[in-house]
Amino acid sequence: MTDTAEALQRAEEAGLDLVLIVPNANPPVAKIVDLGKLKYESQKKAAAARKKQKTVEIKEIKMRPNIDTHDYEVKMKAMRRFFDEGDKVKVTLRFRGREMAHQNLGMELLQKVKGDTETIAKVEAEPKLEGRQMMMVLAPR
């Protein structure tokens, strides 16, 4: 079918539509199909693709520089669960009052978190101080 008029006539006889599939090709590729059905099927495919995709969320874990060992382990367990779900984790360390004088303790704590999670996560943003809080972002491997 090289003639457009002939193709249109055949489509009309069949009670269907002539749809351009690849308009940029030489010669252009067209199909005789039901346009409504074609649109419906493409919508269904797009919906299925949206349903399958996983949105990566950033979960936040907040800590203090003088966190207790048990509290630390509870936070680490939550972090592992977030990594298993495929989410990124933002570790925030908040300094209050005179804790600002001991920023090295905060850096040591974040280095400990980094060391404990290095098998399951990689550091996406190194620890940095912003105002009264220190932040680090980890992503699952």
Side-chain angles (χ1 to χ4, degrees), residues 1-12 14-141:
M1 270 192 259
T2 55
D3 191 22
T4 309
E6 183 186 339
L8 280 169
Q9 183 185 1
R10 283 195 186 174
E12 209 170 289
L16 299 170
D17 304 305
L18 182 68
V19 180
L20 271 175
I21 304 297
V22 187
N24 301 355
N26 192 10
V29 178
K31 263 187 181 179
I32 297 175
V33 291
D34 184 7
L35 185 62
K37 193 174 186 179
L38 187 73
K39 281 184 177 178
Y40 175 76
E41 286 172 356
S42 68
Q43 280 179 341
K44 284 296 220 185
K45 277 184 186 174
R50 275 195 307 274
K51 197 175 185 181
K52 285 181 187 171
Q53 77 184 32
K54 166 86 171 85
T55 56
V56 177
E57 292 180 35
I58 297 183
K59 304 285 187 169
E60 187 172 16
I61 297 280
K62 292 183 179 180
M63 293 184 189
R64 296 277 308 281
N66 55 348
I67 190 168
D68 191 47
T69 54
H70 179 262
D71 296 335
Y72 174 80
E73 285 166 16
V74 169
K75 302 273 187 185
M76 292 306 289
K77 193 182 292 183
M79 222 180 284
R80 280 191 199 89
R81 190 178 72 240
F82 294 150
F83 289 136
D84 291 342
E85 292 169 5
D87 297 324
K88 292 181 182 181
V89 176
K90 176 180 172 183
V91 183
T92 305
L93 199 66
R94 179 163 284 139
F95 295 98
R96 290 171 62 188
R98 293 189 186 137
E99 290 174 348
M100 281 302 285
H102 303 286
Q103 293 175 13
N104 58 333
L105 293 176
M107 190 55 89
E108 287 172 14
L109 179 64
L110 288 180
Q111 293 302 330
K112 183 179 176 190
V113 168
K114 186 176 170 181
D116 290 349
T117 59
E118 69 185 350
T119 57
I120 55 172
K122 60 182 179 282
V123 177
E124 201 165 82
E126 288 293 331
K128 65 177 184 282
L129 187 71
E130 287 182 8
R132 287 195 156 273
Q133 50 189 14
M134 205 175 269
M135 283 182 272
M136 172 171 73
V137 179
L138 301 166
R141 285 203 184 268

State the NZ-CE distance between K112 and M76, to the nearest 0.5 angstrom. 8.5 Å
Lys/Arg N to Asp/Glu carboxylate O, K114 vs E126, below 4.0 Å: yes
Between CZ of F82 and OG1 of T117, what distance do you get to the nearest 0.5 Å? 13.5 Å
Would T92 and E60 count as a side chain to side chain donor-acceptor pair (under 3.5 Å) here? Give the steps. CA-CA 7 Å; T92 305; E60 187 172 16; 2.6 Å; yes
R141 (side chain) donor-acceptor with E118 (main chain) under 3.5 angstrom: yes
Is any side-chain heavy atom of P127 less than 4.5 Å from a side-chain heavy atom of Q111? yes
K90 NZ to I61 CD1 distance, which is reported to the nearest 0.5 Å: 12.5 Å
M79 and L138: CA distance, side-chain angles, deciding distance, side chain to side chain contact (heavy atoms under 4.5 Å, CB included) verdict: CA-CA 10 Å; M79 222 180 284; L138 301 166; 4.1 Å; yes
Nearest-0.5 Å distance that lies between atom NZ in K122 and atom CZ in F83: 10.0 Å
Answer whether the closest heavy-atom distance between the side chains of R10 and E6 falls below 4.5 Å. yes
Can a donor-acceptor pair be found, under 3.5 Å and without considering hydrogens, that links the side chain of D87 to the backbone of K59? no
When you measure from the side chain of K128 to the backbone of M135, do you find a donor-acceptor pair of N or O atoms at a distance under 3.5 Å? no
Is any side-chain heavy atom of V89 closer than 4.5 Å to a side-chain heavy atom of V137? no
Can you find a heavy atom in the side chain of K77 that is under 4.5 Å from one in the side chain of R81? no
Using 0.5 Å steps for rounding, measure from the NZ atom of K31 to the CG atom of L18. 12.0 Å
Rounded distance [0.5 Å steps], CG in L105 versus CG in L110: 11.5 Å
